[in-house]
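A short write-up of the structure that comes next.
Note that this is a predicted model, so its numbers are computed, not measured.
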Amino acid sequence: MSMGIIGSLVLLCLLYVMTYDPVKADSKHLVCKTVEDIFDETNQEGLPSDPNPRRRGIPGKRGPQGVEGQPGPRGPKGKDGDSGIVNYERINATIEERVQAGIDQMADIIEKRILEKVRQAQERECPGIRHQRKCYWSVIHNGIDVSYEQALQLCRKKSGYPADILNSQHYTMVSNYVRTNLPTSTNAVYLWIGMTYNPQTKVLKLSDGSKAPYVTWYPDYPTIDEDRTGMGFQVNRDENDVHQGMFNWHGNQWGVICEM
């Protein structure tokens, strides 16, 4: 050991002696030793050993946490890893598979909608003639056996109801249509329509209760009989025959003219 360190230890012992307090002379700790004694009592690591070690007591309470320090400097960037392998063939195959599935699903939906539209169109297909976006058709029996209640049921079979006659053009269209559907057993038929007549007020109304804008009466009609509030429509095979037109009625007829 260098002489500087030895001198420092000697000086430390001299300072202690100069400040020595006899009252504390009974202390069990030796404060100053000779330089030779210190170096004779070194441990295996070459450090002075404690001749009278103390046992540790129970740790005290943990103090409050200190203020967090500033973050340290960022470390150097690591090396770039190996590039990933992309299976483009698999990706394209998956995309094509999903796109095709979507196309097939959409095609099924479109096909179902088209079939439904066709079905609805077939159901709505007019079995007679059209006028002002409405369909008109006739149901004609071979005899005079259709009451007004039965006429209602005949029209309802195709979601219709007894028809109104709206104007002269409509009257001619319906007459010509019925004329082409006359049974071979007769030259004339009279059919129920949806209009009503009040013999007392002499007011003709459409099926919705509004005043009728047009009428072509059969000769000598309307009658004043109070029970004849229903309306009929006679059509002859001969379009020039004057004995045809509209009349108020209460008994059975050949059938009905329907609309929807």
Any side-chain heavy atom of [X] sitting closer than 4.5 Å to one from [Y]?
X: Gln253; Y: Ile193; result: no
X: Tyr136; Y: His131; result: yes
X: Lys205; Y: Met195; result: no
X: Asp104; Y: Met106; result: no
X: Asp238; Y: Asn187; result: no
X: Met231; Y: Leu191; result: no

Does the side-chain hydrogen bond (donor to acceptor under 3.5 Å, both in side chains) test come out yes or no for Asn181 and Ser138, once each step is laid out? CA-CA 8 Å; Asn181 290 279; Ser138 62; 4.6 Å; no
Between Tyr148 and Trp192, how do the two ring planes meet: parallel, tilted or perpendicular, split at 30° and 60°?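 Ring orientation, 0 to 90° scale: perpendicular.
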Main-chain N/O of [Y] paired with [X] side-chain donor or acceptor, under 3.5 Å:
X: Thr94; Y: Arg90; value: yes
X: Asp225; Y: Asp227; value: no
X: Gln153; Y: Gln150; value: no
X: Thr172; Y: Ser168; value: yes
X: Thr180; Y: Tyr177; value: yes
X: Glu259; Y: Asp164; value: yes

Linked, directly or transitively: [X] and [Y] (ILVMFWY side chains, under 4.5 Å):
X: Tyr161; Y: Met246; result: no
X: Ile144; Y: Val139; result: yes
X: Tyr88; Y: Val99; result: yes

[X] [atom1] to [Y] [atom2] distance, which is reported to the nearest 0.5 Å:
X: Tyr190; Y: Asn236; atom1: OH; atom2: CG; value: 11.5 Å
X: Met173; Y: Ile129; atom1: CE; atom2: CD1; value: 4.5 Å
X: Gln244; Y: Asp241; atom1: CD; atom2: CG; value: 5.5 Å
X: Cys258; Y: Lys134; atom1: SG; atom2: NZ; value: 13.0 Å
X: Ser159; Y: Met260; atom1: OG; atom2: CE; value: 7.0 Å
X: Tyr221; Y: Phe247; atom1: OH; atom2: CZ; value: 6.5 Å

Considering non-hydrogen atoms only, spot the tightest contact between [X] and [Y] and give its length.
X: Pro162; Y: Leu152; value: CD-CD2, 3.5 Å
X: Ile165; Y: His170; value: CA-ND1, 3.7 Å
X: Val146; Y: Ala151; value: CG1-N, 3.8 Å
X: Thr184; Y: Arg237; value: CA-NH2, 4.2 Å
X: Asp208; Y: Ser210; value: OD1-OG, 2.6 Å
X: Asn248; Y: Trp217; value: N-CZ3, 4.0 Å

Begin from the C-alpha positions of Tyr171 and Phe233 and carry the test ring-ring contact (aromatic ring centres under 6.0 Å, His included) through to its verdict. CA-CA 10 Å; Tyr171 173 86; Phe233 185 8; 5.1 Å; yes
Taking CG in Asp220 as the centre, count heavy atoms belonging to other residues, nucleotides or ligands within less than 6.0 Å. Is the count above 12?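 12 or below, so no.
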Just checking Ile224: does its CD1 atom have more than 12 heavy atoms from other residues, nucleotides or ligands closer to it than 6.0 angstrom?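 No, the 6.0 Å shell around CD1 holds no more than 12 heavy atoms from other groups.
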Before you tell me yes or no, could you show the steps for Gln234 and Val189 under side-chain contact (heavy atoms from CB on, under 4.5 Å), namely the whole-Å CA-CA distance, both residues' side-chain angles and the distance that decides it to 0.1 Å? CA-CA 6 Å; Gln234 180 166 326; Val189 293; over 6 Å; no
For the residue pair Glu96 and Asn92, confirm or rule out a side-chain donor-acceptor distance under 3.5 Å.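 The answer is no; no qualifying pair exists.
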Would you check, one step at a time, whether the test side-chain contact (heavy atoms from CB on, under 4.5 Å) holds for His141 with Val256? CA-CA 9 Å; His141 287 189; Val256 60; over 6 Å; no
Checking side-chain contact (heavy atoms from CB on, under 4.5 Å) for the pair Ile140/Val178: CA distance, chi angles, key distance, verdict? CA-CA 9 Å; Ile140 303 174; Val178 173; 4.1 Å; yes
